[in-house]
Trainee: 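Structure provided below as structure tokens; questions to follow.
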Amino acid sequence: ALPAPPRDLYRMGSDRERAFCYVAASMGAGTRVWVSAPDRGTFSFDTACHAWRKEGDWELPFAGRALFVPDLGLCFGICPHRLCLCAFNAPPPG
């Protein structure tokens, strides 16, 4: 079982009793899984340490899921604005 995501990633539901996460983008690179949520920033989960952390207030530059290609050191995903394939540098480890 995964530990619960950081509280900063949650939004309160309309009934104020339920918290939920809306993840706009996600990717895996190395031992980390990265997720971005609108107006929340980017968080990562380290599968080796079994711990969450906030990476920053920025969001990953794609919509949905991206694919990391280790041989190229690049991630590939769909640009949410132009709806075309884009490549970007993988977030630095650690």
Side-chain angles (χ1 to χ4, degrees):
L2 293 174
R7 295 212 36 90
D8 289 349
L9 189 55
Y10 288 106
R11 289 181 185 242
M12 293 307 293
S14 59
D15 61 6
R16 299 231 181 239
E17 303 253 339
R18 299 176 141 221
F20 67 95
C21 287
Y22 169 72
V23 174
S26 65
M27 62 167 268
T31 63
R32 294 181 111 39
V33 177
W34 301 70
V35 296
S36 284
D39 302 321
R40 298 292 183 218
T42 298
F43 297 78
S44 70
F45 179 75
D46 190 320
T47 60
C49 299
H50 226 238
W52 284 97
R53 82 172 183 201
K54 184 167 187 177
E55 297 296 334
D57 291 328
W58 48 272
E59 293 180 31
L60 294 166
F62 58 87
R65 184 175 168 215
L67 176 66
F68 175 63
V69 179
D71 293 346
L72 300 175
L74 294 172
C75 297
F76 293 87
I78 301 297
C79 172
H81 306 292
R82 301 179 90 193
L83 300 177
C84 62
L85 184 65
C86 66
F88 57 97
N89 290 330

Trainee: Angle between ring planes, His50 versus Phe45, binned at 30° and 60°: parallel, tilted or perpendicular?
Mentor: perpendicular
Trainee: Considering all heavy atoms of both residues, which atom of Glu55 and which atom of Trp34 are nearest to each other, and what is their separation?
Mentor: CG-CZ3, 3.2 Å
Trainee: Any chance you could lay out the side chain to side chain contact (heavy atoms under 4.5 Å, CB included) test for Phe62 and Leu85, step after step, and finish with the verdict?
Mentor: CA-CA 9 Å; Phe62 58 87; Leu85 184 65; over 6 Å; no
Trainee: Taking atom CH2 of Trp58 and atom OG of Ser36, what is their separation to the nearest 0.5 Å?
Mentor: 6.0 Å
Trainee: Using every non-hydrogen atom in the two residues, find where Glu59 and Thr42 come nearest and quote the distance to one decimal.
Mentor: CA-OG1, 3.4 Å
Trainee: Which pair of non-hydrogen atoms, one from Phe68 and one from Gly28, has the smallest distance, and what is that distance?
Mentor: CB-O, 3.2 Å
Trainee: Give me the atom names and distance for the closest heavy-atom approach of Leu74 to Ala87.
Mentor: CD1-CB, 4.5 Å
Trainee: On a heavy-atom basis, which atom in Phe88 and which in Ala66 lie closest, and how many Å separate them?
Mentor: CZ-CB, 4.2 Å
Trainee: Can you check whether Thr31's main-chain N or O pairs, donor with acceptor, with Thr47's side chain at less than 3.5 Å?
Mentor: yes
Trainee: Considering all heavy atoms of both residues, which atom of Cys79 and which atom of Cys86 are nearest to each other, and what is their separation?
Mentor: N-SG, 4.0 Å
